[in-house]
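The analysis underlying the following values was restricted to heavy atoms, covering all of them including side chains, and did not include hydrogens, waters or symmetry mates. Per chain, numbering begins at 1; letters A, B, ... match sequence-line order. The structure presented is a predicted model; accordingly, all values stated were derived computationally and were not measured.
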Number of protein chains: 2
Amino acid sequence: MKENKTIGEILRENRAKKGLLLRHVSAKLDIDTAILSKIERSERKATKEQILKLAEIFDLDKDDLLVLYLSEKILYEIKDEELGQKALKVAEQKMKYISKNKSGN
Amino acid sequence: MKENKTIGEILRENRAKKGLLLRHVSAKLDIDTAILSKIERSERKATKEQILKLAEIFDLDKDDLLVLYLSEKILYEIKDEELGQKALKVAEQKMKYISKNKSGN
DNA sequence: ATATATTTGACGTTAATTGTCAAGTGTAAT
DNA sequence: ATTACACTTGACAATTAACGTCAAATATAT
């Protein structure tokens, strides 16, 4: 039973839970409501900074939200690629290799 | 015993193996030698089209090279992120979920 | 020293991202 | 049915990043 909501869906749910309007939240982000609307409907991507602010606004765990955000960014890169799955696995391998060989490890 | 060459290193090795100069290969790609030089030293990313041409030029398996290319693109997205590993895993989960729910599956 | 191959960095151009704005749609209450 | 409000949509502008050229600098070999 895996959850599989988009970050946009999560943002919208949390905004509703707090009883906030697009207007309120977008003001805090200092952007037009139009953009926030699009972010919530996955029509646009948020910036990292916006994600961090949103985590604050909704009292969500920043790391959790960031992980979700980054995973969507990754998927965006390979969404139209046949070889996406394989590329992901190779990326993981490389990542492990890199962190193994980090100084101070 | 994992190989861990960059795509740039692979390209340079293969160019050497064929005894070709930057000039020769870059001409086929229709770009300046400067760019190819940078690609080989991982200072620039190639485009997908360039990767496909390079696979042809060096008689390499296109899928293999593309997977490598995509994996580097993915890593590029998260290279400075603490949460990169986690994001990759989540991306893989999502990816599986997506392909499960594809039509004609 | 010349010649050739590669590298470097300053600089355009193009394309993608991020945003605004104004008009449009949906919904609920008067 | 018109007013009011929340949200959505699409055309457009501004900013940033990607992609390229070019000419000068550096290396390497003859």
Side-chain angles (χ1 to χ4, degrees), chain A residues 5-55 57-58 65-66 68-81 87, chain B residues 5-55 57-58 65-66 68-81 87:
Chain A
K5 293 171 187 163
T6 65
I7 204 162
E9 287 165 345
I10 289 170
L11 294 174
R12 179 150 289 191
E13 283 170 11
N14 276 275
R15 180 166 63 84
K17 185 154 48 172
K18 294 251 174 188
L20 297 170
L21 300 178
L22 284 178
R23 171 156 52 85
H24 301 132
V25 177
S26 65
K28 293 199 186 188
L29 297 181
D30 194 28
I31 55 174
D32 196 272
T33 57
I35 295 182
L36 183 55
S37 169
K38 285 168 186 169
I39 289 171
E40 288 185 347
R41 287 170 298 106
S42 303
E43 199 184 302
R44 288 260 184 127
K45 285 178 293 183
T47 66
K48 187 180 175 182
E49 289 65 37
Q50 287 163 350
I51 292 298
L52 294 173
K53 274 199 185 179
L54 287 163
I57 293 167
F58 300 137
L65 208 60
L66 261 182
L68 214 52
Y69 167 69
L70 291 172
S71 72
E72 286 193 3
K73 268 184 82 172
I74 291 166
L75 284 181
Y76 182 79
E77 287 294 314
I78 57 175
K79 64 180 184 322
D80 302 323
E81 299 290 342
Chain B
K5 292 171 188 165
T6 65
I7 203 161
E9 287 165 345
I10 289 171
L11 294 174
R12 178 150 288 191
E13 283 170 11
N14 276 276
R15 181 167 63 82
K17 184 154 50 172
K18 294 249 174 189
L20 298 170
L21 299 178
L22 283 177
R23 167 155 55 84
H24 301 132
V25 177
S26 66
K28 293 199 186 189
L29 296 180
D30 195 27
I31 54 173
D32 195 274
T33 57
I35 295 181
L36 184 54
S37 169
K38 284 168 187 170
I39 290 170
E40 287 184 347
R41 288 172 296 107
S42 302
E43 199 182 303
R44 286 261 186 129
K45 284 178 293 183
T47 67
K48 187 179 175 183
E49 289 65 37
Q50 288 163 349
I51 292 298
L52 292 174
K53 275 199 183 179
L54 287 163
I57 293 167
F58 300 137
L65 208 60
L66 261 182
L68 215 51
Y69 167 69
L70 291 172
S71 72
E72 286 193 3
K73 268 184 80 171
I74 291 167
L75 284 181
Y76 182 79
E77 287 295 315
I78 57 176
K79 64 180 184 320
D80 301 324
E81 298 291 342

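Applying the 6.0 Å contact sphere to NZ of B:K79 captures more than 12 heavy atoms from other residues, nucleotides or ligands.
Side-chain atoms of A:D32 lie closest to C:dT20 of the nucleotides C:dG19, C:dT7, C:dT20.
Taking atom CD1 of A:I39 as the reference point, atom P of C:dT18 lies 9 Å away to the nearest angstrom. C:dT17 atom P lies 10 Å from atom NZ of A:K73, rounded to whole Å. Between A:I35 atom CD1 and C:dC21 atom P the separation is 11 Å, expressed in whole Å.
The closest side-chain heavy-atom distance from B:E40 to B:R15 is below 4.5 Å.
If you check residues 9-22 of chain A against DNA chain C, you find no residue with a heavy atom closer than 4.0 Å.
Not one N or O on the side chain of A:E81 forms a donor-acceptor pair closer than 3.5 Å with the backbone of B:L70. A side-chain donor-acceptor contact under 3.5 Å links A:Y69 to the backbone of A:A46.
Within the structure, every side-chain polar atom (N or O) of B:R41 is placed at least 4.0 Å from both OP1 and OP2 of C:dT6.
Across every non-hydrogen atom of A:L22 and A:R12, the tightest pair is CD2-NH2, 4.4 Å. Between A:L36 and A:I31, the closest heavy-atom pair is N-CD1, 4.1 Å. A pairwise comparison of heavy atoms in B:A87 and A:S71 identifies O-CB, 3.5 Å as the closest pair. Closest approach of B:L29 and B:Q50 over heavy atoms only: CD2-O, 3.9 Å.
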| query | What do the steps show when you test B:I7 against B:L54 for side chain to side chain contact (heavy atoms under 4.5 Å, CB included), and what is the final call? | reply | CA-CA 11 Å; B:I7 203 161; B:L54 287 163; over 6 Å; no
If you restrict it to nitrogen or oxygen atoms, what contacts under 3.5 Å exist between nucleotides 9-16 of chain C and the protein, and what is each distance?
{"from": "C:dG9", "atom 1": "N7", "to": "B:K38", "atom 2": "NZ", "distance (Å)": "3.2"}
{"from": "C:dG9", "atom 1": "O6", "to": "B:K38", "atom 2": "NZ", "distance (Å)": "3.4"}

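Here A:Q50 lies in heavy-atom contact (under 4.0 Å) with sugar-phosphate atoms only. The residue B:I31 sits close only to the backbone: its heavy atoms come under 4.0 Å of sugar-phosphate atoms, none of a base.
Considering B:D32, B:T33, B:I35, B:I39 as possible partners of B:S26, the one that fulfils the side chain to side chain contact (heavy atoms under 4.5 Å, CB included) test is B:T33.
Separation of atoms CG (A:N14) and CD1 (A:I57) is listed at 11.0 Å; rounding is to 0.5 Å.
In the 5' to 3' direction, nucleotides of DNA chain D lying under 4.0 Å from heavy atoms of chain A begin and end at D:dA6 to D:dG10.
Map B:S37 and A:E77 each onto its nearest nucleotide of DNA chain C; the residue landing nearer the 5' end is B:S37.
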